[in-house]
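Heavy-atom basis, side chains included; hydrogens, waters and symmetry copies ignored. None of the values given here were measured: they were computed from a predicted structure.
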Amino acid sequence: GLAKGTAAGGAAARPRGFARRELTSRDGARLSFGLRRPAAEQGPARVFIGGMSLPDSFLTYFQSAPSSQADYVLSLRGLPPSGFAPTKEVYDADALDLARMVVTAAERSPGGKVELALHSYGTLVFQRMLQMRGDAEVDRALAALRGQRVVMFAPTTHYGDSETVAGPEYAEMAKRVKMFMSWLDAGDAYVANWRALARLNPLLIPQVEALAMTWAAQRSAALSMAAKPAADLLREHLAQPWSPELEGARRALVEETRRASQDAGWQEALMRRANDTSKLDFTPADVAALRGAGIRLDLILSRGDQLLPWQSQRLLPALFGIGLPEAAPAAGAAFSDESGRVRVLIADGDHYLPLKNPGAVERILAR
């Protein structure tokens, strides 16, 4: 059943017991994270990251479940309360930001160890971080995760042309996003070139400023239009009522999403992440690296996921040698690889399971 406890207050308002802290990214971006330290801290710290357009994936869990571990929840750039810093490769920046958050948590954790709890896009950020091994800070983060547990709710991945598994409309959508981002980057480069010329020839400044203003208006309108379908879909999903004790949280998230989706930084971050993740190629070498780190991986798949088709949900387990049936098994079904260190749990819920069923999150994290 659902964990008891009210979930009143805004999504932007931190749950009880959380202090707001700041992380300075490698590229100088300032990111916000929440920190909850228990009176008696036991075990490794735990870092949480949520979804691409709904970052507060664990809000109701934080509001209803106390913790004996230090909980860190990172707001990625462009997701309130973290602002968007102009970043071309947002996905790579997110992976490095996760590494820095893990290192920061490890430095203050007994034993220097860290666990991860990730939802949706957060699961892709971890995969990209793993691919960036060899980077000094990423290696420090992986050392802190060595032998620890990574729990992925609604995990997804990408390799080769795996988006075609979900159906032609998904492949078409990835192609449209790629074309849009190429157009956006070409426009930015064009204006940047003219600005460089104007530095050499000040007589060009008035024309270049007029060009830049026109482009800024075009760019803003185009981003707003491109991000609208995702924002509308999220609002549609959030419009459906939750259980009575969680209605306060749902309404707060609706309002938070309405505000955030009107922000140009939120829109650009969303489009760049959608484009970057469609280029991810998670390989057998990455799987071997995760196994080599002795990480225990729990994949929580929801039978009623309205964003990830079942065929897409089977992709990541397949990489670890776990073949799932053609149709989603009954809730409660569990699978594991030969080592027993990679487990798959089929849950009764949808893409927003962590928000709608905080009691399930509590039980899964306590396993």
Are any of the side-chain heavy atoms of [X] and [Y] separated by less than 4.5 Å?
X	Y	value
R291	R341	no
P325	F335	yes
E137	V103	yes
F126	V150	yes
L145	M129	yes
Q69	P44	yes
F62	D56	no
R133	D286	yes

>> My understanding is that only one of E268, R77, R272 makes a side chain to side chain donor-acceptor pair (under 3.5 Å) with T87; could you say which?
In response: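 It is R77; the other options fail the test.
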Looking only at heavy atoms, which two atoms of [X] and [Y] are closest? And how far apart?
X	Y	answer
R20	S75	NH1-OG, 4.4 Å
A45	Y72	CB-CE1, 3.8 Å
A260	W266	O-CB, 3.2 Å
P329	A333	CB-CB, 3.9 Å

Around [X], counting heavy atoms of other residues, nucleotides and ligands shown, do more than 12 lie under 6.0 Å from its [atom1]?
X	atom1	value
E338	CD	no
W194	CH2	no
D188	CG	yes

Do side-chain atoms of [X] reach the backbone of [Y] as a donor and acceptor pair under 3.5 angstrom?
X	Y	value
Y91	L124	yes
T60	L355	yes
E247	W242	yes
S224	S220	no
D161	T164	no
R36	G17	no
D276	D92	no
S57	G51	yes
S32	S82	no
D305	D350	no

>> Any salt bridge linking R195 with E209? Criterion: basic side-chain nitrogen under 4.0 Å from a carboxylate oxygen.
In response: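 Salt bridge between R195 and E209, a charged N being under 4.0 Å from a carboxylate O: yes.
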>> Taking ring-ring contact (aromatic ring centres under 6.0 Å, His included) as the cut-off, I'd like each qualifying pair that reaches into residues 343-367, sequence neighbours left out, listed once.
In response: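 Counting only pairs at least two positions apart or across chains, the ring-ring contact (aromatic ring centres under 6.0 Å, His included) contacts touching residues 343-367 are H119-H351, H237-Y352.
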Have [X] and [Y] got a donor and an acceptor in their side chains that come within less than 3.5 Å?
X	Y	result
E163	S278	no
Q311	R314	yes
R235	T257	no
S67	R46	no

> If you round to the nearest 0.5 Å, how far is CG of N275 from CG of D185?
Replying inline: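 If we round to the nearest 0.5 Å, D185:CG and N275:CG are 8.0 Å apart.
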> Y159 and M152: same hydrophobic cluster, using ILVMFWY side-chain contacts below 4.5 Å?
Replying inline: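 Y159 clusters together with M152.
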>> Suppose the criterion is side-chain hydrogen bond (donor to acceptor under 3.5 Å, both in side chains): which pairs have a residue in residues 142-156, not counting sequence neighbours?
In response: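 Every side-chain hydrogen bond (donor to acceptor under 3.5 Å, both in side chains) pair that includes a residue of residues 142-156, provided the two are not neighbours, is R149-D298.
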> Quick one: salt bridge (charged side-chain N to carboxylate O under 4.0 Å, His left out) partners of R30, sequence neighbours excluded?
Replying inline: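 R30 satisfies salt bridge (charged side-chain N to carboxylate O under 4.0 Å, His left out) with E22 once adjacent residues are dropped.
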> In a check of side chain to side chain contact (heavy atoms under 4.5 Å, CB included) between L116 and each of T123, I49, V102, V151, which one passes?
Replying inline: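 Among the candidates, only V102 passes.
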